[in-house]
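Keep in mind that the numbers below use all heavy atoms, side chains included, and drop hydrogens, waters and symmetry copies.
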Amino acid sequence: MPDYITRFAPSPTGRLHLGHAVSAFNVWAAAAEAGGRVYLRIEDIDQTRCRPEYEAGIVEDLCWLGLSWEGLVRRQSDHFSDYRAALDTLQARGLIYRCFRTRREIAASLPAGADPDEAGFVSRPLSPFDEAERLSHNAAFAWRLSLEAARSALGARWETLSYQEQTAGGVRRVPADPSRFGDVVLARKDTPASYHLACCHDDALQSISHVVRGEDLRAVTAIHAMLQALMGWPQPVYRFHPLLLGADGKKLSKRNADKSLAEYRAEGMTPEDIRAMTAPA
Ligand code: GLU
């Protein structure tokens, strides 16, 4: 049987909460069930929001929960050149372009309340002259993956884009259509990679065979299937776990969602208490 390798990939933008504990328990349970391994990956690309003390907190909290990982921790900020190389490949193939539209400009062009990241925004490269002019003024930009270019690069494969999902009933193939996300941002002028690019790159590099992640990341898995097809990266099998709900079956209250594992610990809670609080109803 091929190796079962999965990962826990938190972003150190704060201390871990109950929602993270649910995710971690699901990851480690899936690995234990399959006799597999878990890697710990620190997704700290966004250096404006991530902090080393939160990374230390992640390690401390996982150890407290009794969860241990294989080998060295991969910290994404130590590998910016890897993501740059992937971006260069996409650029050389004419798949990405610099978009100088600001979030505010994009939001203004959309129906009120639409999320610019989800509204299917598509654009096109500026002329070389206009681009050079903006760059000479040090303008900010995002590297966007052109949906149109991706579709033509993949040809007939576009129609069969999909990923495998592991469910209680076995593994099924799920069609993936990333069109609704429009031209996805893969990097920014001062941010060498987006979550999508760094995550798919690392899943391939680390030979992740199974990704266990929350239901909230189901939709963006279509973007990941597209990137994997474009880059020729192997595709893990995906398994989505339910998100933690409050006692009333609705979204966790802000009070509980905002309380960190460290705070629960300081109040005298044990790892078993956390397991009980996060067990599916
Ligand atoms: N850093 C992402 C998060 O914390 C990882 C999600 C994933 O791909 O599993 O949501």
Side-chain angles (χ1 to χ4, degrees), residues 1-13 20 23-24 26-28 30-31 34-47 49-50 52 55 58-59 62 67-93 95-96 143-145 150 153-154 157 161-166 171 176 178 184-188 190-214 217-218 220-240:
M1 196 171 121
D3 274 354
Y4 186 108
I5 307 177
T6 186
R7 82 304 193 271
F8 182 56
S11 295
T13 53
H20 296 105
S23 220
N26 274 282
V27 168
W28 265 271
R37 291 179 275 166
V38 180
Y39 290 146
L40 175 60
R41 184 158 87 212
I42 301 294
E43 301 209 322
D44 62 343
I45 290 285
D46 184 350
Q47 294 279 286
R49 296 175 61 224
C50 295
E55 181 183 322
I58 290 170
V59 169
L62 291 178
L67 303 172
S68 57
W69 52 92
E70 190 87 10
L72 296 177
V73 176
R74 179 171 171 93
R75 184 187 300 115
Q76 291 189 325
S77 62
D78 289 341
H79 302 281
F80 283 153
S81 58
D82 286 5
Y83 313 121
R84 181 71 244 172
L87 212 56
D88 287 347
T89 303
L90 292 165
Q91 188 187 0
R93 290 166 59 198
L95 293 167
I96 56 173
W143 282 109
R144 287 186 182 271
L145 177 67
L154 289 174
R157 277 195 298 156
L161 273 184
S162 61
Y163 59 85
Q164 286 181 280
E165 178 184 359
Q166 192 179 2
V171 175
V184 175
V185 174
L186 291 189
R188 292 186 187 276
D190 300 313
T191 312
S194 68
Y195 154 64
H196 303 304
L197 183 66
C199 170
C200 293
H201 174 279
D202 285 359
D203 285 342
L205 182 85
Q206 297 186 291
S207 304
I208 300 300
S209 64
H210 291 73
V211 168
V212 181
R213 55 165 58 145
L217 292 171
R218 177 186 286 276
V220 298
T221 304
I223 299 173
H224 300 186
M226 168 175 63
L227 273 175
Q228 288 152 349
L230 287 170
M231 292 299 292
W233 285 330
Q235 254 193 330
V237 174
Y238 291 89
R239 181 164 164 172
F240 302 98

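Shown here for H196 and L227, the closest heavy-atom pair between the two residues is O-CD1, 3.7 Å. Between Y4 and V212, the shortest heavy-atom contact is OH-CG2, 4.1 Å. Shortest non-hydrogen contact noted between M226 and L154 is O-CD1, 4.5 Å. Scanning all heavy atoms of the two residues, the minimum distance from R157 to A229 falls at NH1-O, 3.7 Å. Across A176 and A225, no two heavy atoms sit closer than the pair CB-CB, 3.9 Å. The minimum heavy-atom distance linking D44 with Q76 is given by the pair OD1-N, 3.3 Å.
In this structure, the side chains of Y39 and D202 stay at 4.5 Å or more apart for every pair of heavy atoms. Side-chain contact between T191 and Y83 is absent, with no heavy-atom pair separated by less than 4.5 Å.
Within 6.0 Å of CZ in R218 there are more than 12 heavy atoms belonging to other residues, nucleotides or ligands. Taking a 6.0 Å sphere around CZ of R188, one finds it holds 12 or fewer heavy atoms contributed by other residues, nucleotides or ligands.
The pair R41-D203 counts as a salt bridge, with a side-chain nitrogen and a carboxylate oxygen less than 4.0 angstrom apart.
Remark: the R213 side chain and the T221 side chain contain an N/O donor-acceptor pair separated by less than 3.5 Å.
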